[in-house]
Amino acid sequence: MEDQKMFHLQQRKGRRVILFPLPLQGHINPMLQLASILYNKGFSISIIHTNFNSLNSSNYPRFSFHSIPDGLSKNEASFADMVALVSLLNVKCVAPFKDCLRKMLSNSVEGENVACLITDAGWYFTQSVAENLKIPRLVLRTNSVSYFLAYAAFPLLREKGYIPAQDCEPEAPVPELPPLRVKDIPVFKTDIPETLHQVILELTNQTKVYSGCIWNSFPDLEQVSFATLHKEFPIPMFPIGPFHKYFPASSSSLLSQDHSSISWLNKQPPKSVIYVSFGSIAAINESELLEIAWGLANSKVPFLWVVRPGLVRGAEWTETLPKGFLERLDGRGHIVKWAPQQEVLAHPAIGGFWTHNGWNSTLESICEGVPMICQPCFGDQMVNARYVSHVWKIGLHLERKLERGEIEKTIKRVMVEAEGQEMRERIMYLKEKVDLCLKQGGSSYQSLDNLINYILSF
Ligand code: UDP
């Protein structure tokens with residue numbers, strides 16, 4: 001095994017890029033997609049990853065993987081507080097990461113020709129390590145630019161009293177950040193709000209000193225935000241997204257994907273199915289699960305529903321659904337623990353996506369021309385949902401309490417009414433823009449060329 005790895009390393013003479021993904025599904029996917037894009041352009045790839053949410057290297061036999069001990073206890077690894085988890089990882093990984101990177105750089109095969117380090121923006125401790133070891137650090141931002149600007153504005157929003165938001169009218173516009181309203185300002189449920197604000201300050205300041213920033217987005221999608229970004233952060237920017245459209249669907253899933261989703265979809269008429277998934281972290285309670293179930297059932301629209309283990313707080317899986325729930329629907333519904341989402345969204349039977357609006361899910365939906373029902377839960381999801389429903393007008397925001405009647409109505413509006421058809425037309429137009437930006441002469445194509453030349457210049 002070790003010999004085989006060395007053989008691959010020696011065989012490929014291109015320059016090497018070392019990538020370090022944050023160990024969360026929504027961050028792992030775009031980082032490994034970026035690694036594949038760079039590999040296809042002739043770079044050799046090394047990935048450093050934590051033991052926590054460890055990657056399956058067998059899906060990527062051409063990359064060299066290095067696992068580092070993150071030192072998280074079982075209890076820490078199951079933190080629901082993402083701010084606490086990420087800040088802990090940024091403390092515990094300093095020494096093992098430094099050690100691993102130093103060893104890699106001094107290795108005669110792998111260390112030779114290393115061009116740069118690309119880390120997730122969430123690994124903020126790596127800036128000083130990179131400076132110390134004199135290796136250029138580029139950063140991957142896995143969110144939209146519009147969200148990043150809202151995030152960077154946190155100190156200002158705090159000063160103006162929008163954060164915490166308890167004294168503000170939720171529907172009131174935030175004039176400093178159009179088109180956001182008070183209720184669209186990113187929310188992070190955390191027990192350590194002061195740490196969060198320190199991290200945001202640190203991350204925003206760091207954005208001025210990175211060697212460059214790579215975005216899984218493209219200017220035609222977020223024109224105004226990109227213009228502001230260039231003005232406020234004058235460092236090399238490389239918007240080369242959407243990453244997953246550079247090659248057929250690949251898998252960096254931490255959970256195994258249930259392919260019965262596709263065989264079930266194969267039996268459904270075109271554009272008839274609503275796909276429901278809230279990503280890898282968001283959670284709901286038991287009564288919300290029931291409202292969703294009855295909303296789906298009463299809509300009479302066929303559905304493919306991802307109920308991830310852990311989606312329902314305090315439950316194992318779907319045991320709190322009424323007995324025989326699916327059986328009574330005569331095959332009109334299918335529930336899985338985890339789906340091959342990119343393939344699902346590209347399937348002709350899919351007509352809508354009820355999503356939490358994580359940035360990957362939002363982009364994947366746009367790329368397949370699937371209109372959305374937005375149900376953001378935290379962080380960047382609120383900003384993405386506002387853009388989907390209000391700016392691009394390719395989805396409906398489910399803003400009130402989760403209630404079966406409201407759900408049934410919203411599903412019908414998107415799936416069967418004229419309003420849904422109009423959204424479908426608008427999203428098809430956006431999909432065309434995606435296709436154009438990736439073609440020769442398109443903005444992402446050009447940015448990728450710039451990125452490659454930039455990396456080669458180090
Ligand atoms: N995903 C998947 N199967 C599922 C649900 C999600 O493969 O059943 C993938 C999805 O394609 C996306 C990622 O998991 O690439 C979720 O990322 P996103 O940014 O949408 O949300 P997060 O999980 O970070 O909240």
Side-chain angles (χ1 to χ4, degrees), residues 21-36 53 55-56 59 80-83 85-86 120-122 140-144 146-148 186-189 215-217 241-262 264-265 273-284 303-311 317-318 334-347 350 353-368 370 372-385 387-388 395:
L22 201 66
L24 299 171
Q25 187 71 75
H27 293 250
I28 290 170
N29 288 3
M31 186 63 96
L32 283 164
Q33 289 156 0
L34 175 63
S36 298
N53 280 348
L55 302 180
N56 181 357
N59 288 340
D81 183 334
M82 287 299 129
V83 176
L85 179 66
V86 171
D120 192 289
L140 167 62
R141 280 218 159 261
T142 58
N143 318 107
S144 67
S146 310
Y147 161 72
F148 170 70
V187 174
F188 298 89
K189 291 173 197 121
W215 296 89
N216 191 9
S217 184
F243 296 175
H244 72 283
K245 291 308 280 183
Y246 283 80
F247 35 71
S250 60
S251 173
S252 44
S253 262
L254 297 166
L255 297 172
S256 82
Q257 299 176 324
D258 186 337
H259 288 271
S260 71
S261 314
I262 303 296
W264 182 82
L265 283 174
V273 176
I274 178 126
Y275 169 59
V276 187
S277 169
F278 305 136
S280 62
I281 299 171
I284 57 175
F303 61 88
L304 171 62
W305 185 9
V306 176
V307 181
R308 192 190 78 234
L311 172 71
W317 190 41
T318 52
H334 189 60
I335 298 182
V336 293
K337 290 184 175 163
W338 195 248
Q341 182 165 302
Q342 285 178 38
E343 286 167 67
V344 164
L345 287 169
H347 196 285
I350 292 293
F353 182 13
W354 182 358
T355 170
H356 71 310
N357 283 120
W359 184 237
N360 296 294
S361 294
T362 306
L363 270 183
E364 288 161 13
S365 206
I366 290 174
C367 288
E368 301 308 333
V370 178
M372 288 167 253
I373 296 177
C374 309
Q375 196 195 323
C377 302
F378 63 86
D380 65 333
Q381 299 156 18
M382 343 289 271
V383 178
N384 301 339
Y387 274 77
V388 166

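Order of listing sets the numbers, starting from 1, for every ligand and every atom in it. This structure is a prediction, so every number in the text was calculated from the model and none was measured.
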Give me the residue, atom name and distance of the protein heavy atom closest to [atom].
{"atom": "atom 17 (O) of ligand 1", "answer": "N360 ND2, 3.4 Å"}
{"atom": "atom 13 (C) of ligand 1", "answer": "N29 ND2, 3.6 Å"}
{"atom": "atom 24 (O) of ligand 1", "answer": "G26 CA, 3.3 Å"}

W354/F303 aromatic ring centres below 6.0 Å: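 Centroid distance W354-F303: not below 6.0 Å, so no.
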
For ligand 1, note which part of [X] has a heavy atom under 4.0 Å away: side chain, backbone, both or neither.
{"X": "V306", "result": "side chain"}
{"X": "H27", "result": "neither"}
{"X": "H356", "result": "side chain"}
{"X": "S277", "result": "side chain"}

Candidate with minimal heavy-atom separation from atom 16 (C) of ligand 1, of G358, G379, S361: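 Among G358, G379, S361, the closest heavy atom to atom 16 (C) of ligand 1 belongs to S361.
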
K337 near ligand 1 by a heavy-atom separation under 4.0 Å: no

Expected output: side-chain Q25 to main-chain L254 donor-acceptor under 3.5 Å: yes

For S256, side-chain contact (heavy atoms from CB on, under 4.5 Å) partners two or more places apart: none

